[in-house]
There are 2 protein chains.
Amino acid sequence: MKKENITIYDIAKEASVSPATVSRVLTGSAKVRPQTMRKIVDVMEKYHFRPNSLARSLLYKQTKTIGFILPDINHPFFSTLVLKSEAHALKLGYTSFLCNTMNNAINESNYLQSLIEKQVDGIIYLGGRINDSVPDKQYAEKLKKVMERIPVVFVNGRMEGVDAHIVRADEETGIERLVELLVNLNHQKIGFLGGVEGITSTDVKKAAFIQLMEKKGLEVNSEWIFGNGFSIESGEEVAAQLLSLNERPTAVICANDLVAIGMIKVLTKFGLKVPDDISVVGFDDIYLAEHFPPGITTVSQNYEQLGQTAINVLVDLMNHKQIEKEIIVPTSLVLRDSCKLL
Amino acid sequence: MKKENITIYDIAKEASVSPATVSRVLTGSAKVRPQTMRKIVDVMEKYHFRPNSLARSLLYKQTKTIGFILPDINHPFFSTLVLKSEAHALKLGYTSFLCNTMNNAINESNYLQSLIEKQVDGIIYLGGRINDSVPDKQYAEKLKKVMERIPVVFVNGRMEGVDAHIVRADEETGIERLVELLVNLNHQKIGFLGGVEGITSTDVKKAAFIQLMEKKGLEVNSEWIFGNGFSIESGEEVAAQLLSLNERPTAVICANDLVAIGMIKVLTKFGLKVPDDISVVGFDDIYLAEHFPPGITTVSQNYEQLGQTAINVLVDLMNHKQIEKEIIVPTSLVLRDSCKLL
DNA sequence: CTGTTAGCGCATTCAT
DNA sequence: ATGAATGCGCTAACAG
């Protein structure tokens with residue numbers, strides 16, 4: 001079957017006008033006599049006519065479309081961020097392509113290619129290779145080429161050698177708040193667990209942690225800094241490791257809430273109570289952090305603001321507005337019940 | 001700035017060939033002399049040329065694009081299902097539009113409109129108005145019109161008066177397994193909590209529950225059937241209500257895992273232990289069900305199979321293959337530790 | 001094997 | 001206020 005589309009020509013013929021006039025009522029670009037207008041609108045409704053945005057986009061050279069590149073929509077951090085971003089984009093008239101790379105570099109390249117061919121007006125890069133502290137040279141080059149033609153915004157990431165516009169949550173300050181909180185609760189033996197070495201968000205957090213600890217004259221015990229991953233499962237592993245330590249920290253900061261959840265789960269299983277026996281804090285404030293017992297003290301990414309800012313920057317870029325290279329969105333401490341006075 | 005795109009004409013000129021020949025190397029639709037081919041490929045690479053898929057789609061009348069309509073990507077059920085579906089769609093060469101309606105009818109209509117204008121090849125309808133047991137007449141009509149031109153697949157939903165292709169998890173059998181499990185554990189006083197009256201998935205489950213209970217000669221106490229929502233919060237409310245009951249069931253089936261989580265959280269807070277004092281089971285097997293203490297016994301939606309099937313049906317529809325109107329994907333019982341022998 | 005031409009559906013000149 | 005003609009970028013005839 002040939003998909004026989006209804007076009008403005010069909011409408012024009014039936015309404016005994018020219019295609020141009022139909023187009024005028026579609027765009028409102030010029031005055032049309034009310035009488036003709038009515039006739040045209042009637043015919044359009046009769047056939048449930050909708051203009052083909054492909055044709056329009058081909059002409060206008062814009063598609064009102066944004067591509068999101070991210071590792072995994074199933075991770076609450078991303079699903080929340082995408083949700084908020086997409087909602088804001090919709091308000092601004094943009095529809096969103098979703099590209100889950102599953103941390104697969106080939107998927108990532110293919111998706112990038114596909115987005116370009118589909119002529120998206122801009123790309124929001126939420127994660128993937130842009131988070132590698134030591135990025136793939138070739139991919140960086142490709143990304144730079146892309147950015148010459150299409151606006152790209154990195155969220156919570158940066159790629160060495162790629163001078164992209166960045167919108168990021170203030171993870172440093174978030175970590176600092178966490179450290180200060182724990183110190184105020186008399187903790188001195190504090191660990192940092194989970195995350196992945198070489199991924200910017202982990203490196204940033206770890207660096208902020210170490211720096212403030214040292215500044216406060218507290219020991220940074222490298223035995224209390226380990227872990228590999230962002231999932232509940234990796235939190236479970238980390239907890240097991242922690243349990244086997246000779247000397248344990250009295251409090252740990254986890255790379256994110258999922259890791260904290262995994263930790264708490266295993267610690268509890270082995271009879272350690274959180275926060276009575278050990279204080280555990282997370283990061284991200286995924287919606288679960290509130291509900292997972294005992295309620296996890298964490299740092300909120302302020303998803304709505306982060307998402308909206310990213311979209312706003314992207315749209316500004318599309319409109320060739322001058323705009324700062326890096327915008328930092330504040331994070332905020334969320335107090336719950338997973339840490340207590342030592 | 002005018003977005004000056006590189007086109008096959010530019011490539012053709014620089015390679016001293018005709019646009020048609022460039023097109024041929026792009027599509028592989030006809031033989032090109034290796035020598036000419038090389039020349040063309042070189043020029044294409046030099047300019048990082050990528051064909052404009054809008055032009056191509058305009059011609060082919062297909063965009064290799066699928067639209068997903070769903071309430072909220074932040075809900076783990078949807079995020080998992082979308083993830084699996086999108087991955088499969090990608091394998092088949094399709095890119096996905098994401099449309100979060102936030103249960104807002106206006107958003108839903110707008111998105112539907114937008115998807116049509118963007119000429120998506122098909123629509124996967126994961127939730128929203130298609131789940132209303134008593135659907136909006138006008139919207140149903142609109143949907144029917146859409147379906148005349150674009151394949152649509154409903155997942156876990158149906159809409160009265162709209163004869164759509166449906167792919168759904170076997171929720172009835174899932175509920176039956178749950179009931180049987182609880183009965184085998186000697187429970188007789190069983191409640192069904194959460195969900196929303198008038199939403200098909202809730203109605204289906206509730207009906208299956210009542211039917212099997214009656215068949216087994218067990219009392220269906222209407223005081224043990226209540227709740228309004230699919231969230232953790234609604235689970236919390238439901239738990240509070242449950243606690244105020246004169247006579248309580250010994251086991252409850254929750255409309256989904258989030259409700260179960262909310263319930264368990266509040267019950268625990270009020271000193272009731274799950275499963276010791278009351279058995280609680282969920283539905284969906286979101287990834288949290290495994291990790292939320294004590295580990296929630298539930299029914300898996302088999303996301304991967306469900307998602308793949310939905311995409312396969314949609315693609316078959318796009319290829320005008322004859323295909324069953326309704327495909328039921330099996331669900332499976334997942335045993336964990338939230339219920340025990342009475 | 002390669003070039004020329006027409007058309008996908010729409011919006012926009014330029015006329016009238 | 002309206003119509004005719006043109007082009008957005010690409011591919012599929014149709015020639016040669």
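Below, chains carry the letters A, B, ... as their sequence lines are ordered, and counting in each starts from 1.
- Under a 3.5 Å cut-off, the side chain of Glu14(B) and the backbone N or O of Val43(B) do not form any donor-acceptor pair.
- Considering only the side chain of Thr7(B), dG9(D) comes nearest among dG9(D), dT2(C), dA11(C).
- Atom CD1 in Ile11(B) sits roughly 18 Å away from atom C1' in dG3(C) (whole-Å rounding).
- The distance between atom CZ of Arg50(B) and atom P of dG9(D), rounded to the nearest whole Å, is 16 Å.
- Considering only side-chain atoms of Ser18(B), the nucleotide from dC10(C), dG3(C), dG9(D) that sits closest is dG3(C).
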For a quick test of your reading: what N or O donor-acceptor pairs under 3.5 Å do the side chains of residues 151-165 of chain B make, sequence neighbours left out?
| from | atom 1 | to | atom 2 | distance (Å) |
| --- | --- | --- | --- | --- |
| Asn156(B) | OD1 | Ala169(B) | N | 2.7 |
| Asn156(B) | ND2 | Gln301(B) | OE1 | 3.2 |
| Arg158(B) | NH2 | Glu326(B) | OE2 | 3.4 |
| Asp163(B) | OD2 | Lys325(B) | NZ | 3.1 |
| His165(B) | ND1 | Glu324(B) | O | 3.2 |

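- Within the 4.0 angstrom heavy-atom criterion, no nucleotide atom of any strand lies near Leu54(A).
- Residue Thr36(A) places at least one side-chain N or O under 4.0 Å from the OP1 or OP2 atom of dT2(D).
- Summary of the strand contacts: Tyr9(A) and Met37(A) both lie near DNA chain D, and taking for each the nucleotide with the nearest heavy atom, the more 5' one is attributed to Met37(A).
- Atom CE in Met44(A) sits roughly 11 Å away from atom P in dC10(C) (whole-Å rounding).
- Contact between the side-chain N/O atoms of Arg56(B) and the OP1/OP2 oxygens of dT11(D) is found at a separation under 4.0 Å.
- Applying the 4.0 Å criterion to OP1 and OP2 of dT2(C), one finds that Lys31(B) has every side-chain N and O outside that range.
- Atom CD in Gln119(B) sits about 19 Å away from atom P in dC10(D), given to the nearest Å.
- Residue contacts for Val17(A): at a heavy-atom cut-off of 4.0 Å it reaches the sugar-phosphate backbone alone, with no base atom in range.
- Counting only distance, with no hydrogens or angles, the side chain of Ser57(A) and the backbone of Ser53(A) share a donor-acceptor pair below 3.5 Å.
- We find that NZ of Lys61(B) is positioned 15 Å from P of dT11(D), with the value rounded to whole Å.
- Across the protein-nucleic acid pair, Lys13(B) atom NZ and dC10(D) atom C1' stand 17 Å apart, rounded to whole Å.
- Going from atom CD1 of Ile40(B) over to atom P of dG3(C) covers 8 Å, rounded to whole Å.
- Rounded to whole angstrom, the span from the CD atom of Gln62(B) across to the P atom of dC10(D) amounts to 17 Å.
- A salt bridge is absent between Lys46(A) and Asp42(A): the closest approach of a Lys/Arg side-chain nitrogen to an acidic carboxylate oxygen does not fall below 4.0 angstrom.
- Ser79(A) contributes a side-chain N or O that, together with a main-chain N or O of Pro76(A), makes up a donor-acceptor pair within less than 3.5 Å.
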Between N or O atoms, less than 3.5 Å apart, protein on one side and nucleotides 12-16 of chain C on the other: list the pairs.
| from | atom 1 | to | atom 2 | distance (Å) |
| --- | --- | --- | --- | --- |
| dT12(C) | OP1 | Tyr60(A) | OH | 3.4 |

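- In terms of the side-chain contact (heavy atoms from CB on, under 4.5 Å) criterion, Ser16(A) has no residue partners (sequence neighbours excluded).
- Between dT11(D), dT2(D), dC10(C), one nucleotide has an atom nearer to the side chain of Arg33(A) than all others, and that is dT2(D).
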Inset, instruction - Given ring-ring contact (aromatic ring centres under 6.0 Å, His included), test Phe97(A) with Tyr111(A) step by step and report yes or no. - result: CA-CA 10 Å; Phe97(A) 275 117; Tyr111(A) 263 133; 9.3 Å; no
